[in-house]
Structure formats: C-alpha cells, structure tokens
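Notes to accompany the following structure.
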Amino acid sequence: MHRKVTKAVFPIAGMGTRFLPATKATPKEILTLVDRPLIQYAVDEARAAGITEFIFVTSRGKGALEDYFDRAPELEASLKAKGKTDLLKILQATNMESGQIASVRQSEALGLGHAVWCARNLIGDEPFAVILPDDVIAADKPCLQQMIEAYAETGGNMVAAMEVPADKTSSYGVLDVPASISPVMPVQGMVEKPAPGTAPSNLAVIGRYILSPQVLRNLDAHQKGAGGEIQLTDAIEKEIRSAGNVYGYRFDGRRFDCGSKAGYLQATIAFGLARDELREELQDFLHEMMGMRQAAE
Ligand code: G1P
C-alpha cells in the first residue's frame, strides 16, 4: 500500500505576461472560464482527488488568490438577507477551511522546478501532487483522480501525458516510452523542450504530477536546464535514472492550454457549451459567426 497523497502544490508565481494588460493588476489564475477563475478549477480537481492540504507557491501581487478562497462575511450576509440561497451556496463552495491553504513565496522566477522546490518544507517526506492551473482538463473523472487511482497500483512518480503534433513537442516536457496503448507507461527518459526534430516521442507532459519527496531533493542542486531555468522535468529524469520508478499516464479528457490566448478562448467556449443555461444561445451565436465566415470566404 502506497502512502496516501494529501498535499498538492500549485505553482502560481508566474507573471502572466502573455495576458497583459489583463494581468497587470490581477493574477493570471483569477482569469475566468465562464464564472469560475482558473485557480478554482485546479483546486476543485485536487479536492475531488482527495487532496486536503493546498500549497500555493506565489509571488508579489498574488494576494487576490488567497482572498478568493477566504470567507466573504459581508457578501454572505447580504445574500442571506436577500434570500439568495442559490448564490450563497455557490459562494460558500469557494470557502476553504482555516489552515487548508498555505502559501510560500518564490522570490525569484527561476523555473518550475524551483517553484515546486519552494514548497519543500511544507511537503516534508511524503508523496505530493503538482497541478499547473494553466492546464485545464475537462474530463468525466477529474484527471488527478484518474492518476491517484493508477498511482495506487504503481507508486513511484507519475506524470500526465498527452499526444501532441510533432511540430509542437518543443513546447513541452516529452517522454521516452516504449510503444504501448496502455494508459500507464513506464518512462525511460524525459526531456524538457527538445529542439525540433529531436523529441523521443510525441507524448507531452501535461501539468499534473504525483511525485516522491526524492524529486525535491533532486532539486536541491538548483541545476539549470532548458531556457536557463531550474526544470521539474530534469529532477524527474534524475529519478528515472536512479530509481526507474516514473510512469506516464495517458489521461482520459480534453486539455486546454489556458496559458495561451487561443487555448483560453477555446476553453471558454467549451465550458460555456457544457452549461445547460448557456448552450443554446452560444450555439446559435457560433453558427452565426461560422456562417459569416463562410460567406466572407
Ligand atoms: C511546463 C513544464 C513542461 C510541461 C508543460 C505543460 O512548461 O515545464 O514540461 O510539458 O508545463 O503545460 P511551461 O508550459 O511552463 O513552459
């Protein structure tokens, strides 16, 4: 029996420059898909997977993320007084219990590996999950929950994986795995942002990880990798070489890259279409837009 995973790290220190000016005074993770900020999708996915301790790795200007999960007594009282119980319920679902969220600062942007390493004292000597809120995954069973179930069999370390077109592999961590159609794949190697034409496969790492505390120790050396940054991929690759206990997990679901504008807009449309109260109006609008486009061509 492997030790239960109860802690998750959310690296949210990035400046979100790709979304400027929207992110000038608002953290990127507060950007909203329909009516919920990106960070809430990430936290809800973790909760569904049994996570009870949430570690935010933040930087200056991210206070709104902590406030977001706190109680809002005046707002709650006002909704209660007006009898708006539905809204009150929605609001209360965002409240976290006292002490459930801890945050640590990453005072310099040194890379994803460094961000995760910043959480080391709160993680201690147990396995933990990492969720990158930019990667939003729509799935019947939340992605991290799928992974936790697979991890119950494998132990070790597990990274979410997805096939991407060959000309996109240089934007990701890429797995070297034996040819297989099974969802769980033993990983033989891992490379961060391989130069075009050099990727070991087209299986890209997506922002969900279950990691052993040894990965944190591998990060102690602060070794720089791709792009001059301290890479999480390199610390996991070290585990492949020393312990050989890293698995790729081909998840069931659709991933949206909400770190890019096109991916964010696609997610907005997909999550809008998934809502009963919005579907029809949105579908009509999309048909209209497509019709206009065809007419223009
Ligand atoms: C990070 C990881 C990369 C992974 C990607 C998934 O890259 O370093 O291995 O494939 O997230 O979204 P970033 O997108 O931060 O450059």
Side-chain angles (χ1 to χ4, degrees), residues 8-19 23 27-29 31 38-39 41-42 45 57-59 106 108-119 129-139 143-144 147 157-177 185 187 189-196 198-211 215-216 218-219 222-240 246-251 253-264 266-267:
V9 178
F10 301 79
I12 48 179
M15 290 199 293
T17 44
R18 278 197 271 180
F19 282 90
T23 47
K28 171 176 72 168
E29 298 76 13
L31 294 181
L38 292 178
I39 189 67
Y41 287 91
E45 185 177 328
V57 181
T58 68
S59 58
Q106 184 190 28
E108 260 185 294
L110 296 177
L112 177 60
H114 180 260
V116 171
W117 178 80
C118 290
V130 177
I131 294 191
L132 309 187
D134 273 1
D135 283 331
V136 176
I137 300 173
C143 180
L144 188 63
M147 290 172 70
N157 298 270
M158 188 170 277
V159 299
M162 176 184 106
E163 253 113 32
V164 298
D167 64 342
K168 295 279 190 292
T169 48
S170 58
S171 304
Y172 296 92
V174 180
L175 301 179
D176 182 0
V177 286
M185 304 160 284
V187 180
M190 222 171 140
V191 27
E192 181 67 17
K193 313 234 160 69
T198 67
S201 76
N202 65 342
L203 264 179
V205 176
I206 299 304
R208 303 288 183 277
Y209 306 77
I210 299 172
L211 300 174
V215 171
L216 293 173
N218 295 350
L219 286 161
H222 282 198
Q223 208 172 336
K224 288 185 179 156
E229 295 189 343
I230 300 168
Q231 296 291 355
L232 186 58
T233 295
D234 295 343
I236 303 171
E237 155 71 23
K238 217 168 168 183
E239 274 303 277
I240 301 171
V246 178
Y247 301 89
Y249 182 79
R250 219 191 295 253
F251 58 91
R254 170 79 158 84
R255 173 255 188 177
F256 296 93
D257 175 11
C258 292
S260 82
K261 286 176 204 167
Y264 176 69
Q266 287 163 12

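Because only heavy atoms are used, hydrogens play no part in the values below, and waters and symmetry mates are left out as well, while side chains stay in. Since the structure is predicted, the reported quantities are computational estimates derived from the model, not experimental observations. In listed order, ligands and their atoms are each counted from 1.
- For atom 11 (O) of ligand 1, the nearest non-hydrogen atom of the protein is L132 CD1, 3.5 Å.
- For ligand 1, the atoms closer than 4.0 angstrom to any heavy atom of G173 are 3 (C), 4 (C), 9 (O), 10 (O).
- Within ligand 1, the atoms closer than 4.0 Å to a non-hydrogen atom of T233 are 9 (O), numbered from 1 in the order shown.
- To the nearest 0.5 Å, the span separating CD on E237 from CD on Q231 amounts to 12.5 Å.
- The heavy atom nearest to atom 6 (C) of ligand 1, out of those in D234, V205, V130, L112, is found in V205.
- The nearest protein atom to atom 12 (O) of ligand 1, hydrogens excluded, is given as D135 OD2, 2.8 Å; this is a heavy-atom distance.
- Heavy atoms only, all atoms of each residue included: R208 and C143 are closest at CG-SG, 3.9 Å.
- When the heavy atoms of M190, R255, R208, E192 are ranked by distance to atom 8 (O) of ligand 1, first place goes to E192.
- Other residues, nucleotides and ligands contribute only 12 or fewer heavy atoms inside 6.0 Å of the NZ atom of K224.
- Between the CD1 atom of I39 and the CG atom of D134 there is a distance of 10.0 Å, given to the nearest 0.5 Å.
- N218 contributes a side-chain N or O that, together with a main-chain N or O of A235, makes up a donor-acceptor pair within less than 3.5 Å.
- With a 4.0 Å cut-off on non-hydrogen atoms, D134 does not touch ligand 1 at all.
- Scanning the protein for heavy atoms near atom 15 (O) of ligand 1, the closest one is K193 NZ, 4.7 Å.
- Within a 6.0 Å radius of CD in E163, other residues, nucleotides and ligands contribute more than 12 heavy atoms.
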